[in-house]
Amino acid sequence: MRQIHEFRVDSTRYLDDHGKPLGDLPQQARDTERTLAAYRNMVLTRTFDAKAIALQRTGKSGTYPSVLGSEVTGTVIGQSMAKTDVFVPYYRDQATHLMRGVALKELLLYWGGDERGSAWKQCPQDLPVCVPIATQCCHAAGVAAAFRIRGEHRAVVCCLGDGGTSKGDFSEAINLAGAWHLPVVFVVINNQWAISTPRSIQSGAETIAQKAIAAGLPGHIVDGNDYFAVTEVLDSALERARGGKGGAVIEAVTYRLGDHTTADDATRYRSAEELKKAWEKDGVKRLQNYLHAAGLWHPEQEKALQDQCRAQVEAAVAEYLATEPEPPTAMMDYLFASLPAELQSQRERIARKYRGGES
Amino acid sequence: MRQIHEFRVDSTRYLDDHGKPLGDLPQQARDTERTLAAYRNMVLTRTFDAKAIALQRTGKSGTYPSVLGSEVTGTVIGQSMAKTDVFVPYYRDQATHLMRGVALKELLLYWGGDERGSAWKQCPQDLPVCVPIATQCCHAAGVAAAFRIRGEHRAVVCCLGDGGTSKGDFSEAINLAGAWHLPVVFVVINNQWAISTPRSIQSGAETIAQKAIAAGLPGHIVDGNDYFAVTEVLDSALERARGGKGGAVIEAVTYRLGDHTTADDATRYRSAEELKKAWEKDGVKRLQNYLHAAGLWHPEQEKALQDQCRAQVEAAVAEYLATEPEPPTAMMDYLFASLPAELQSQRERIARKYRGGES
Amino acid sequence: MKHSQRRDVTLVEAVNMALTWEMEHDPDVVVLGEDIATNGGVFRATVGLKEKFGFRRVMDTPLAENLIAGTAIGMATQGLKPVAEFQFMGFIYAGMEQIISHAARMRNRTRGRLHCPLVYRAPFGGGIHAPEHHSESTEALFAHIPGLRVVIPSSPQRAYGLLLAAIRNPDPVIFLEPKRIYRALVQSVADNGEALPLDTCFTLREGEDVTLITWGACVMETLEAADELEKQGVSAEVIDVATISPLDRETLLCSVAKTGRAVIIHEACRSGGVGAEIAASIAEAGFLDLQAPVVRVTGYDTVMPYFGNEQAYLPQVGDIMEAVEQVIAL
Amino acid sequence: MKHSQRRDVTLVEAVNMALTWEMEHDPDVVVLGEDIATNGGVFRATVGLKEKFGFRRVMDTPLAENLIAGTAIGMATQGLKPVAEFQFMGFIYAGMEQIISHAARMRNRTRGRLHCPLVYRAPFGGGIHAPEHHSESTEALFAHIPGLRVVIPSSPQRAYGLLLAAIRNPDPVIFLEPKRIYRALVQSVADNGEALPLDTCFTLREGEDVTLITWGACVMETLEAADELEKQGVSAEVIDVATISPLDRETLLCSVAKTGRAVIIHEACRSGGVGAEIAASIAEAGFLDLQAPVVRVTGYDTVMPYFGNEQAYLPQVGDIMEAVEQVIAL
Ligand SMILES: Cc1ncc(C[n+]2csc(CCOP(=O)(O)OP(=O)(O)O)c2C)c(N)n1
Ligand SMILES: Cc1ncc(C[n+]2csc(CCOP(=O)(O)OP(=O)(O)O)c2C)c(N)n1
Ligand SMILES: [Mg+2]
Ligand SMILES: [Mg+2]
């Protein structure tokens, strides 16, 4: 006697590769101000990104992971989240951080090797950039559990990459989200690559969204370069979460248009051909096309925006470069709430060693 | 524009709770010898189990995890596996170990706190009992990868519990099995409990089999107390694996009829009512009923088998109790292939300390 | 309301008493782990908490230590004070990445913006006839990680006072409970919410001739040895290190300055154990005080044997006596 | 066919040379890890292997260190000799449970029936301006685990010879590569498949007045300090411990017996570092030889700072000089 149990995930897109609506747009599309605000953030992010790479190339900063290709999804996350929600990032979320109010200078400090770059003023509860892959998924579940424990109607958004879904942390965290009905939405930025490892080696699963089924969570695929699709799917997932209806896993399908980081050379493992194809789906250009076609955006506005973003980034870079380095003694000052007696002597040694090292 | 992607798992059973066929039996059912051999192993396992518990209660052994409720699935695993396949167990697989040729005395030594209980003579490549939950899943993937690397047509069976599926190791291992098309079948013994934690707290997923979808593997649910159902599903999964068609996840639905271990008291967290219901589905009794009804088994045969199993177990226990303990110096002798100079002096200290401790 | 009632309790009961007190007085304290709610923990350390405080604050988790470690961190960043239990120390390793890379660093890497006021509890050590992987003493792994406090009680009173201190401490604390003495002795403990200081050794017995330095279950054998030594006219000072990281070197050095001799006793294997750091520190800062080398009485550099031979692995009173005779001889 | 051709190589190239040699001569050797096949590893340690030996023996894995650690164990039980790479030591922690509870114990717990002839490679240490979590030196965590060998090369020649020895060794070896000196110096290495001994220190420079004990990248600063000291008329013996576990105490003690003074230099934080075990061992067994306390020059007991301040964390030549002056003064 054989029985069948069925499971499903859905996938959504509204714009074609060139920004032409494939049919009726969701009603959020009527909110022109929101759409334009998103577009501005995408352009700012892309302007920042190019500058950050240049700083590394000229020895003025450290290894940096380009966000090229993630701007649309990242921007939507920042837009859909409420101020009181908590964002749990990985390390390629510049677009979201900027929407959440992280200062350009803070991002520069972080990637410039200065811990103060994580002392975010505007979104003090958001978790810092997370380098150990997928570990942040468990933190996201914990933050969401804290909301549930206190009966707060807030939600968590956790970002990770396609590679991150192979690490147990992701499975354990989404499983807890399902078991405890936690208000947390996991957004997987599927940019097709984990450094040199293609999506196909990462998992035999046809889609990443279907991993949600293992946790009893709804799974959604969305074109990560389609502003309207990401907005609709994320808005409704966050609404469900805040309403106590539990979490979700969203696979945002996009492509990593840059090297993995400035330390990487993607030409070693992927073809120019593939990259060229991916550029044709670029979501920023796509939204720009849509705005132009809809008569909501004009070349001179574009030029003004470009100039404004460049100026904003240059100002931040100037600030960053003018920032006094932290004194070496700082390495002891934030380890514990109060420095144990035992470590005082080590701190004094550092202070002695570095003239003016005392803070 | 919305699209739907569908996924499925199947579930199989052939016998009702009392052993009455629900319809036509699979053709394996015609192999009476195989069926009787399985039944004998189930009875032997159950006899051993009761004795092992008694030994712990009387201080003649250590903490022991009763296998009550897993005998049917465990026996089928041992039966379906080829001698050249490799078994990667957890710690509740006594039924399988006995089918694979592990000696009763070896099992007694292991649970009696003697490492020699893992030096299995008859199945030297099977991995030892694994206590750290789900860690064995990665070993199973590695053994299967070794087969693939060497182009051998062998398969691996890896056992774990329902609780074990919550640990990242399981997800990571099945994901690799899917990505690399490894010849490994994961059998989840879903006995509804992880010590005191019910299946419902373990995951929000309606079934455990659906976790296979996350890895792009086929997932099967089977009544773990239905000898014919488990046999059919496992036989075909192993055939696929050996044929290079990849792995699978099988959820064997059963119930833990005993305490978690002799250190546990299940009455603290589950009802007598629930336990009574579970006994009504007992797979050993179920198969016995089937055999009687089919005229393949008679009361006197049953009695003879019971006596024979008791005698066999008593003999093993006598051997176990008569076994000289390992000398304390043994703790140094198997750490490395050859003891580093540095550890020699520590070994000598042990030898000096324990008269006759020198081996 | 400090209902300062005294109770005769074992070490594990004192743990339960401290958890109960703090959960009653601080709504931010929550506990999570495997089998800790309905079952009250496999050692009963959390028994009764779910009934008193409800499943929202007393949470049975799915079976995943990495998840337990990481979820507690997420909760802590929201200002909760999670007390997470690892069922046995042998199963904490899956949580190492979360503990080392996040719990220990959250405050430092965010320059104080976020922090982790959490406690990771785990029963540790051998000697209870348990199955393999249930007898670990790898406290040294955590003592080497900056940003963590590692606290080990060795009596019901210290279990109560130190656990309260650990929960109230704004930084992550690894709280290791010597299960071999979970029920070895009963002490009268005042249930008044009074914490004991962290980062401080406890001198359990004053002496002149030799300093015996230990922690955890070995405190029992060490005190026994001190009694034996007294009969032989040797006056031993016994120090329970209690907080093995950060280490209270001052108390240790003052004692050695007095006795001129030190023996360190721990259950963990010898090489790279916490005894090494203590011996190195004493040998360096106490160089001129020492009249004999600092000797270590420890487990052997091998895996803890299955229980049939575990006693042969554990340091015994005789081993301590032998070591003391050796250093006294010089 | 020992084509004993010499090549001028860096440390990371020597690693690649050793892997290539052994894969050519032993079909059981396989390598796995993240980005090691097509990309040849983020430091290029495995470049060319996939082209030479094919994807069956050179495997890019999904992104999961626990899986990498555990899969290698499974392969090893089948008699393969996996060399698994952790992309950075900072990401090895997810594999701790597999390494501690299985790799280190398989032989012991099966009484020799199964074993783990595997190598876990990881670049470690700071000083290369890397992002956070990319500059760990937590070798002490592994040195405390019985059943593991922990090997750290500090030159192209030793990288070649020690990696060959590690792969051929029938037990698990943690092979930590000091990435700060991956390309710091070029040596002529004979590609002849000759291994160097494990469990042995290497005396890099003989001296009379003080013994400088170190390993990994710090060997560079230590040799520099020895040169400086010579100018000042102080003759320093420099020992590269190389195999930090199990430890070759004999070589260290013989040297201290000669010099009467020892300074230990390591990058890892001070408390509970491998320097503690070495200092404790020397202070105990070398008690009568020591004319001054054993001093440690190490990283501080805090998290390695982001790269803006990492130099302030790392031991420098000046720190070593200072320590030597201190022990010589006595
Ligand atoms: C636990 C861990 N292992 C390895 C690394 C090294 N590493 C950094 S990014 C990366 C690839 C991640 O790919 P993906 O998750 O797809 O995110 P993407 O970078 O493509 O956005 C790896 C292997 C790490 N940071 N953490
Ligand atoms: C990593 C790890 N964590 C915790 C434990 C303690 N423990 C032993 S068995 C068990 C429950 C396992 O339940 P399940 O996987 O369903 O298997 P079952 O015992 O029910 O057959 C737990 C928590 C362990 N052995 N390993
Ligand atoms: Mg990616
Ligand atoms: Mg179970």
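So that the names make sense, note that chain A is the first sequence line, chain B the second, and so on, each numbered from 1.
Here Asn39(D) contributes atom CG and Arg270(A) contributes atom CZ; the two are 11.5 Å apart, rounded to the nearest 0.5 Å. Distance CG/Asp264(A) to CG/Asp35(D): 8.5 Å, rounded to 0.5 Å. A distance of 7.0 Å separates OG1 in Thr63(A) from CZ in Phe307(D), rounded to the nearest 0.5 Å. With rounding to the nearest 0.5 Å, the separation of CZ in Arg349(A) from OH in Tyr300(D) is 5.0 Å. Here the CG atom belonging to Asp301(D) is positioned 4.0 Å from the CD atom belonging to Gln346(A), to the nearest 0.5 angstrom. How far OG of Ser271(D) is from CG of Leu343(A): 7.5 Å, rounded to the nearest 0.5 Å.
Heavy atoms closer than 4.5 Å to chain D are found nowhere in Pro325(A), neither backbone nor side chain. Contacts of Glu342(A) with chain D are absent, with no heavy-atom separation under 4.5 Å from either backbone or side chain. In this structure, the portion of Ala94(D) lying under 4.5 Å from any heavy atom of chain A is its side chain and not its backbone. In this structure, chain D has a heavy atom under 4.5 Å from the side chain of Ser118(A), while its backbone stays farther away. Contacts of Tyr313(D) with chain A are made by both backbone and side-chain atoms, with heavy-atom separations under 4.5 Å.
Comparing Ala130(D), Gly308(D), Ala64(D), Ala312(D) by heavy-atom pairs within less than 4.5 Å of chain A, the highest count is held by Ala312(D). For the set Ile201(A), Val129(A), Thr135(A), the count of heavy-atom pairs under 4.5 angstrom toward chain D peaks at Ile201(A). Between chain A and the options Gly90(D), Gly318(D), Ala37(D), Pro305(D), heavy-atom pairs under 4.5 Å are most frequent for Pro305(D). When the candidates Val42(D), Asn66(D), Asn309(D) are compared by the number of heavy-atom contacts under 4.5 Å with chain A, Asn309(D) comes out ahead. Across His129(D), Gln311(D), Met304(D), Glu322(D), the residue that shares the most heavy-atom pairs under 4.5 angstrom with chain A is Glu322(D).
The closest side-chain heavy-atom distance from Val47(D) to Arg268(A) is below 4.5 Å. In this structure, Asp319(D) and Lys353(A) have side chains that are in contact, with non-hydrogen atoms separated by less than 4.5 Å.
Using a distance-only test at 3.5 Å, with no hydrogens or angles considered, a donor-acceptor pair links the side chain of Thr302(D) to the main chain of Met331(A). A donor-acceptor contact shorter than 3.5 Å links the side chain of Gln202(A) to the backbone of Leu63(D).
Here the closest heavy-atom approach between residue His133(D) and residue Val131(A) is recorded as CD2-CB, 3.8 Å.
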*asked:* Between Gln87(D) and Ile195(A), does the side-chain contact (heavy atoms from CB on, under 4.5 Å) criterion hold? Intermediate values first, please.
replied: CA-CA 11 Å; Gln87(D) 203 161 76; Ile195(A) 305 186; 3.4 Å; yes

